[in-house]
Amino acid sequence: MKTSESIIEISKALSKFQEQAEQPAKSADNPFFKSKYVPLESVISAVKKHAPKLGLSYIQIPLTEENKVGVKTILMHASGEFVEFDPFMLPLDKNTAQGAGSALTYARRYTLSAAFGIASDEDDDGNSASGNTKPSNKNQAKQQTQNNNLASDAQRKAIFAKAKVVGEPFGHDAKYVLESYKVTDTKSMSKGEASALIKKLEAEIEAQKQVN
């Protein structure tokens, strides 16, 4: 994953987006797993409802590689800041236009949901693109749900960036600042916990500005 030199503004906007955005309905059926998921058009609608007014936008670039197709998603902010996610590639079970379209749609939906913190799956419905038609067991589904609720890479980067700003006037690094908030591992934080911490750090930064 690549980012602009600073991601402070895009992190603020993404935090506000996650506060305002409503979880879209899982209205599409996955016959292989007998579950429902959020179709791509619903994910896009959920993003467009709040992202533009917060200065957020995105592009998704289709990719091909031997017997794989995928997408590279770039999250952008009006300030010029960006977060470029690693390419997400899927193998083709059937080397046809329909198979490629199915895999590309899944890749777009999956990465766009991840970028904006939208939970679009109950189970993995990408089996038609990857060739896996065996249903996940309950433990796998539970683990997937838990992973969807974990803080995003953008949130974790924002936390470290803001913690660094908070500690700079005192010669403290980001780790020291986070430990003062009793945070030792951002990987296990939920999206909500990460959002709350970002707000606290932003408030501390603003307080420091007032003192200066």
Side-chain angles (χ1 to χ4, degrees), residues 1-4 7 10-11 13-14 17-18 20-33 35-78 81-133 136 140-141 143-145 147-157 191:
M1 185 174 70
K2 300 177 183 178
T3 69
S4 51
I7 59 169
I10 196 172
S11 298
L14 189 57
F17 172 86
Q18 291 172 349
Q20 299 173 9
E22 298 177 358
Q23 172 62 40
K26 294 180 173 69
S27 58
D29 293 308
N30 176 5
F32 292 101
F33 288 83
S35 63
K36 290 183 175 292
Y37 63 93
V38 181
L40 176 60
E41 57 268 26
S42 295
V43 176
I44 292 175
S45 294
V47 169
K48 287 186 174 181
K49 185 175 182 180
H50 299 289
K53 62 187 178 183
L54 296 172
L56 291 170
S57 60
Y58 69 91
I59 57 175
Q60 291 189 295
I61 305 170
L63 303 171
T64 58
E65 177 184 304
E66 295 183 355
N67 201 38
K68 296 180 180 179
V69 297
V71 68
K72 178 166 64 175
T73 298
I74 304 175
L75 180 61
M76 302 174 293
H77 187 258
E81 295 178 354
F82 69 89
V83 176
E84 180 181 320
F85 295 88
D86 292 335
F88 181 71
M89 306 297 294
L90 287 171
L92 291 176
D93 180 43
K94 295 181 179 179
N95 194 15
T96 63
Q98 185 177 6
S102 175
L104 183 58
T105 297
Y106 177 79
R108 289 185 62 198
R109 181 176 64 81
Y110 184 90
T111 56
L112 188 60
S113 299
F116 283 91
I118 295 172
S120 62
D121 286 301
E122 289 182 354
D123 274 311
D124 177 18
D125 66 295
N127 50 80
S128 60
S130 65
N132 177 20
T133 58
S136 300
Q140 289 174 322
Q143 183 63 47
Q144 181 66 36
T145 300
N147 289 341
N148 286 339
N149 289 329
L150 291 177
S152 66
D153 288 340
Q155 283 181 306
R156 293 176 57 220
K157 279 184 172 290
K191 285 183 171 66

- Query: With Lys72, which residues qualify under salt bridge (Lys or Arg N to Asp or Glu O under 4.0 Å), at least two apart?
  - Reply: Glu84
- Message: My understanding is that only residues two or more places apart in sequence, or in another chain, count here; which of them pass side-chain hydrogen bond (donor to acceptor under 3.5 Å, both in side chains) with Lys49?
- Response: none
- Message: Suppose we screen for side-chain hydrogen bond (donor to acceptor under 3.5 Å, both in side chains). Which residues come up paired with Gln60, at least two apart in sequence or across chains?
- Response: Thr73, Arg108, Thr111
Can you name the nearest heavy-atom pair linking [X] to [Y], along with the distance?
X: Ser152; Y: Ala114; result: CB-O, 4.5 Å
X: Pro52; Y: Val47; result: CD-O, 3.9 Å
X: Gly117; Y: Gln18; result: CA-NE2, 4.1 Å
X: Ala154; Y: Ser11; result: O-OG, 4.1 Å

By side chain to side chain contact (heavy atoms under 4.5 Å, CB included) - contacts of [X] (at least two apart):
X: Asp86; answer: Met1
X: Ala21; answer: Phe17, His50
X: Glu41; answer: Pro39

- Residue pairs passing the ring pair (Phe, Tyr, Trp, His ring centres under 6.0 Å) test with at least one member in residues 83-105, sequence neighbours excluded, are Phe88-Tyr110
[X] versus [Y]: any side-chain heavy-atom pair under 4.5 Å?
X: Leu75; Y: Leu14; result: yes
X: Val83; Y: Lys157; result: no
X: Leu112; Y: Val71; result: no

- Task: Working to the nearest 0.5 Å, report the span between CD of Glu81 and OG1 of Thr3.
- Result: 9.0 Å
- Distance col, row Ser42:OG vs Arg109:CZ, nearest 0.5 angstrom, shows 10.0 Å
Please tabulate, for side-chain N and O atoms in residues 61-70, each donor-acceptor pair with protein atoms closer than 3.5 Å (sequence neighbours left out).
{"residue": "Asn67", "atom": "ND2", "partner": "Leu92", "partner atom": "O", "Å": "3.1"}

- Message: Closer than 3.5 angstrom, by distance alone: can the side chain of Lys191 be matched with the main-chain N or O of Leu150 as a donor-acceptor pair?
- Response: yes
